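So you know, we letter chains A, B, ... as the sequences are listed, proteins then strands, and number each from 1. The structure displayed is predicted, hence computed values, not measured ones.
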2 protein chains.
Amino acid sequence: MKTSLTDELRAAGKRMTRTRKAVLVVLEASQFPLSATELYTQLTNGNVAIDLVTVYRNLTALKELGMVTQLELHQEGQFRYEIKEGREHHHHIRCKICGRIVDLLLCPLKKLTALIEQETRFVVGDHSLEFSGWCPKCQ
Amino acid sequence: MKTSLTDELRAAGKRMTRTRKAVLVVLEASQFPLSATELYTQLTNGNVAIDLVTVYRNLTALKELGMVTQLELHQEGQFRYEIKEGREHHHHIRCKICGRIVDLLLCPLKKLTALIEQETRFVVGDHSLEFSGWCPKCQ
DNA sequence: ACGCTAGTGCAAGTCTCTTGCAAATAACAT
DNA sequence: ATGTTATTTGCAAGAGACTTGCACTAGCGT
């Protein structure tokens, strides 16, 4: 993990603590976005002493600093979190059977945004676009 | 509300009950997708005696029959429900300030689906695409 | 090394949604 | 109409994700 993250935190009056570092390391290593519980389980299994509450509080803090993205996959009913550092804006597809989550490397929505703003007079901020389906193994 | 809905229910071994009808009427009248709690509040204010549990159970049943769509708006952390009858497949935008929800009449994802299936070898089932931003009044 | 303040753990609470069970009622047969 | 039965309902309780209060701990700036 880059030391720049520590500096970034410090600049925002935050500290790079033992637990916060552990959260960042696990998020950085993950190939797919993690829920708070999954993150907690991975930390605990990796012998990091941490409370679930602390996981939530860190995720919230990191989200507010823009270091982590919070997302909701299609109809999952919970939030997942992903490191932003070094990753392009992207979306996901999740298998309805086994739950496997895969990154999609495209986002077709730049043009659409202008259209929506024209149509609704809203100013578009964020969007979420998540797919579900059946992965190769579960078909 | 059309009587065909009653027939549709009956064909599936379900009954058109007092409460179920009330749920459908409120959903049909709503200009935007409702959460279970909002639906419950509207029913109660409209002097329909109903339990929140019954609202949930009806929404689940209607969803399974394909008469109602369940959706999650961007980062809202709860489900919303919408009547399918007579409405095209569409998406939504929600104001980050006042929570106002507006339908979007376009879905740009038909072409994209083929691309995703090619890229991931998944079979694409559903997708959710929801925007958030700032509505005209809140800008 | 000290002190201030952010961060943490524990307990308890909130909110959304689900389940178990006995009583009520819609649909159907007689 | 009346009875039968399976669906539906209400109430109580529970599950799961997430939040809050508070006293204690520990970064990190001096």
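- Across all their heavy atoms, A:Gln139 and A:Trp134 have their closest contact at NE2-O, 3.2 Å.
- You'll find that the side chain of B:Phe79 is closest to C:dC17, out of D:dC28, C:dC17, D:dC18.
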Side-chain polar contacts of residues 61-70 of chain B - donor-acceptor pairs under 3.5 angstrom, sequence neighbours left out - could you list them?
unit_1	atom_1	unit_2	atom_2	d
B:Lys63	NZ	B:Gln70	OE1	3.3
B:Gln70	NE2	B:Tyr81	OH	3.0

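- Rounded to whole Å, the distance from NZ on B:Lys21 to C1' on C:dA26 is 12 Å.
- Judged by distance alone, the side chain of A:Glu72 and the main-chain N or O of B:Gln75 form a donor-acceptor pair under 3.5 Å.
- Summarising the geometry, the separation between CD on B:Glu72 and C1' on C:dT16 is reported as 12 Å, rounded to the nearest angstrom.
- Residue B:Gly77 is out of contact with every strand shown, counting any heavy-atom pair closer than 4.0 Å.
- None of B:Glu76, B:His91, B:Arg80 except one satisfies the side-chain contact (heavy atoms from CB on, under 4.5 Å) rule with B:Leu71; the exception is B:Arg80.
- With respect to the salt-bridge test (charged N to carboxylate O, under 4.0 angstrom), the residues B:Asp103 and B:Arg87 do not qualify.
- For the pair A:Glu8 CD and D:dC28 C1', the computed distance is 18 Å after rounding to whole Å.
- Spacing between atom CG of B:Leu9 and atom P of C:dA27 amounts to 9 Å, rounded to whole angstrom units.
- Looking at A:Arg15, its side chain comes within 3.5 Å of the base of C:dT5 through a donor and an acceptor atom.
- Toward the 5' end of DNA chain C, the nearer of the two residues A:Ala49 and B:Thr37, judged by each one's closest nucleotide, is A:Ala49.
- Separating the CD atom of A:Glu38 from the C1' atom of D:dA17 is a distance of 13 Å, rounded to the nearest angstrom.
- One atom, CE of A:Met16, and another, P of D:dG29, lie 13 Å apart when rounded to the nearest Å.
- Using a distance-only test at 3.5 Å, with no hydrogens or angles considered, no donor-acceptor pair links the side chain of A:Glu28 to the main chain of A:Val25.
- The B:Gln78 side chain lies nearest to C:dT16 when the options are C:dT16, D:dA17, C:dA27.
- Near DNA chain C, meaning a heavy atom under 4.0 Å from it, residues 50-70 of chain A has A:Ile50, A:Asp51, A:Val53, A:Thr54, A:Arg57, A:Asn58 in order of number.
- For the pair A:Tyr40 OH and D:dG16 P, the computed distance is 15 Å after rounding to whole Å.
- Atom CZ of A:Arg18 and atom C1' of D:dG27 are 12 Å apart (whole Å).
- Note: the hydrophobic cluster containing B:Leu73 does not contain B:Val102 (ILVMFWY, side chain heavy atoms under 4.5 Å, direct or indirect links).
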